[in-house]
Amino acid sequence: MTDSIKEKLIEALNPPQREAVTHKSGPLLVLAGAGSGKTRVLTYRIAYLARVHQVNPGRMLALTFTNKAAGEMKSRLQGLLGEDISRLWIGTFHSMFARILRREAEAIGYTAHYSIYDTDDSQRLIKKIIKELPAEFGSLNPASVQQAVSRYKNDLRTPEEVRDQAAHFVERKAARVYAEYCRQLKENNAMDFDDLILKPMELFRAEPEVLERYRRRFSYILIDEYQDTNRAQYNLVRSLVGEERNICVVGDDDQSIYGWRGADIRNILEFERDFEGVTTIRLEQNYRSTGNILEVANAVVRRNTGRKPKKLWTEKSSGARAVVLECVHELDEAEQIVIHASAVRTRERVCWREMAVLYRTNAQSRALEDAFRRAGIPYRIIGGLRFYERREIKDLMAYLKVIVNPRDSTSLYRIINVPARGIGPATLTRLSSLASSRGEPLYHVLAEADQAEGLTDSTAGKVIELHTWMEELRALSRSESASKVLTELIRLSRYEESLSDLETFEAQGRMENIAELVSAAQEYSERYSPENGATCLEAWLAETSLVSEIDFHDPEEDCATLMTLHNAKGLEFPVVFIAGVEENLLPIARAFEDTTGAKLEEERRLFYVGITRAMDKLFLCWAASRRRFADILESSPSSFLRDIPEELVERHSGLTHRPAAARRSGFSFSRGGGRRAPIGAAPPILGPGRPGSGGARPTVVGITGPIFEKDYGADEPAYRMGERVVHHTFGSGTILEVSPYSDDFKLLVRFDSGFTKKLMARFARLKRE
DNA sequence: AACCCCGGGCTTTTT
DNA sequence: GCCCGGGGTT
């Protein structure tokens, strides 16, 4: 019986993979190159331990970086282990330790209802602290202090250490803010992302028997993307490794791209020193990319020093050359990407979902997004302003945080006057001085607002009213689902009414987001099962605080994916475009400030990560100029491109044909012409290339026409530019702009009263004049 | 207390 | 070019 399972698990593996999967005990380091079957090794190893070595699944802890990676491991293990997977501890560092902290919070002076602050929440708190401190602290920038504090925490430095070691008075000031920040976090019964790693360490130090309990519990620890762990994470895990030293880490030093977040590449380079007698296994066979793509990747990363030497190889054929697209400016670049994406799709029968456009900074997404929308290509942007970071979502979540954790004054500050209910700064100051004089959290004194110094009866009444319905919601949350609490909250807070009064395009978008949040709550409430006595709302909040956009990435939907290079790690696509391969963008300008060259090497690894996402076709794009803020900057190709041997690429240059002045004359040089060639008539970009540069791009100008002159045909808008309309509150006006938006139209209307408003056609209920 | 206008800073990447 | 906060006005 066991033998057949054993056979089944190892038959699909190559020799080093098999060795990693069957390794029984003692420290194991798997250096897994891009696309070498890393996830397969991890999941098979877990299954093998459970089925062949009979390790109880409840005693294995598998840590990943993203929820997506954890989800993928779980779903693959589902097939191998069935029911047993529910007992495995698989999740991100942050979610696993958040879970442990919920159970043990009391031991370190928190309650199980603690709030989790994201970067934005932390920044708000820091900003408030800076305001409360003497005026000379006003020079501090909250965002940079937040970053510095995060860094201090990841490096395991206390506020006192930072203060005593401060080399500069700015740092001494930051240390002061850091100390106060820690104090107020605790007062708010709140933890930031870094605390989710640091507090368990504190817990284990304070309560050795708790540590012992978890150490005994996790007899096998596995870590994915080990190259991205920081010092704190490493120390935390090391404290959990038991006598048997059954720790298995899988990573690739060439894909370490989170140094700025405190990831310490030394963790992987020095693993062998830290765990004596470690077994090291290298996975160098790549199953993802064609030979050419792999050679491009190797050529780039080879330039880095301080890496473990390795060379990926493949049995696949060499495939097409990588295409270098030389563009005039970022709009041209976006157009070229659209053109080539359309051409590849027609020619190679690739669907949209098999294509990705990767870039260094989120700001680059706008031009790309516009081009995709104009061309009518379905696309999806991952990152940028993430769903849970939108204002209306954060507002509602802040209410919920206060309901779960009334000590969370930072969240209360956020929503006490949102929507406006007449509780302004003056009232807030009086309430908070009442709170501090009593040594109670702000929320507690809301009920007694009538006793606060200098508040009018009517203002105090408003405060008490707020407190009353918040208490109703609190009571509700103990027995009802998260979605019930949320819908009641929306009703009682009159949040939607405050938006719907506006009738603008923006307010409409916010209302759609709220509807989406409600359905997310409903979806969660349906699958919620009580755990550790946490209410549905608490559990939902805990989960949503730690999810990221990429976790919602639905591979079924036929959309092209646009995202940053960082977000692309761990994914693969048949066709990949990397946009903005320019000096000072990739590598980013700031990388040159670092004289050690370490930042530059990280940028190179980032480029390497991007290249190795591609399975069959790779496009590297750069533009000779790029709009940044208000002005246009000249740019030149990335020095990384020079590292790629000429015979591996094929160049498409539009530079000789495209005067830079084209930008000034409006949007595009291809607009005026009306030659309508089918998209499929693109130039033979996939055929044998012309080595060297310089060849003019044949007829590309001609084919841009139909893509950008999209006629709206069947969904012809009911409104036209220049048309005169009447709105029931704003009066008469003229339509300035009509643009499609999901299944509706966005209108820009200048009213005779002088206002210019953005409206959604469906809701504006305009009449013709 | 709410609204409006202006100026400054921002864009590196994220659990 | 956009968002936020500050300062002024209503």
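Side chains are part of it too, since the values below use all heavy atoms of this structure and drop only hydrogens, waters and symmetry mates. Note on naming: letters A, B, ... go to the chains in the order of the sequence lines (proteins, then strands), and numbering restarts at 1 for each one. The model shown is predicted, which means the values in this text are computed figures rather than measured ones.
In this structure, A:Gln146 atom CD and B:dT13 atom P are separated by 14 Å, rounded to whole Å. In this entry the distance linking CD of A:Glu225 with C1' of B:dT14 reads 14 Å, nearest Å. The distance from atom CD of A:Glu601 to atom C1' of B:dT13 is 18 Å, rounded to the nearest whole Å. The separation between A:Tyr388 atom OH and B:dT14 atom P is 18 Å, rounded to whole Å. Per the geometry, CZ belonging to A:Arg421 stands 10 Å off P belonging to B:dA2, to the nearest Å. Following rounding to the nearest Å, A:Leu196 (CG) and B:dT15 (P) show an atom-to-atom distance of 13 Å. Rounded to a whole Å, the CD atom of A:Gln123 is 12 Å from the C1' atom of C:dC4. Atom CD of A:Gln364 and atom P of B:dT12 are 12 Å apart (whole Å).
A cation-pi contact, defined as under 6.0 Å to the ring centre and within 45° of the axis, links A:Arg102 to A:Tyr114.
Contacts of A:Phe193 with the nucleic acid, taken as non-hydrogen atoms under 4.0 Å apart, include base atoms. No contact: A:Ala143 has no heavy atom under 4.0 Å from any strand.
Within the 4.0 Å cut-off from OP1 or OP2 of B:dT13, not a single side-chain nitrogen or oxygen of A:Arg360 is found. For B:dT12, the OP1/OP2 oxygens have no side-chain nitrogen or oxygen of A:Asn362 closer than 4.0 Å. In terms of phosphate contacts, A:Lys127 brings a side-chain nitrogen or oxygen within less than 4.0 Å of OP1 or OP2 of C:dG5. Distances shown here put a side-chain N or O of A:Thr564 below 4.0 Å from the OP1 or OP2 atom of B:dT14.
For A:Lys599, the NZ atom is loosely surrounded, since the number of other residues' heavy atoms within 6.0 Å does not exceed 12.
The A:Asn567 side chain lies nearest to B:dT14 when the options are B:dT14, B:dT11, B:dT12. Nearest nucleotide to the side chain of A:Arg391, out of B:dT12, C:dC4, B:dA1: C:dC4. Closest contact between the side chain of A:Asn141 and the listed nucleotides C:dG1, B:dT15, B:dC10 involves B:dC10. Between B:dA1, B:dT14, C:dC2, one nucleotide has an atom nearer to the side chain of A:Thr427 than all others, and that is B:dA1. Among the nucleotides C:dC2, B:dT12, B:dT15, the one closest to the side chain of A:Arg366 is C:dC2.
Comparing A:His566 and A:Ala420, the nucleotide of DNA chain B nearest to each residue sits closer to the 5' end for A:Ala420. Nearer the 5' end of DNA chain B, as judged by each residue's closest nucleotide, is the contact made by A:Asn417, out of A:Asn417 and A:Tyr258.
By the stacking rule of 5.5 Å between ring centres and under 30° between planes, A:Trp260 stacks on the base of B:dT13.
Checked against salt bridge (charged side-chain N to carboxylate O under 4.0 Å, His left out), A:Glu572 has the following partners two or more places apart in sequence or in another chain: A:Arg288. By the salt bridge (charged side-chain N to carboxylate O under 4.0 Å, His left out) test, A:Arg157 pairs with no residue at all, sequence neighbours left out.
For the pair A:Tyr359 and A:Leu368, the tightest heavy-atom approach, listed with the atom from each and the gap, is CD2-CD1, 3.6 Å.
Put simply, the side chain of A:Arg613 gets close to the backbone of A:Leu571: a donor and an acceptor are under 3.5 Å apart.
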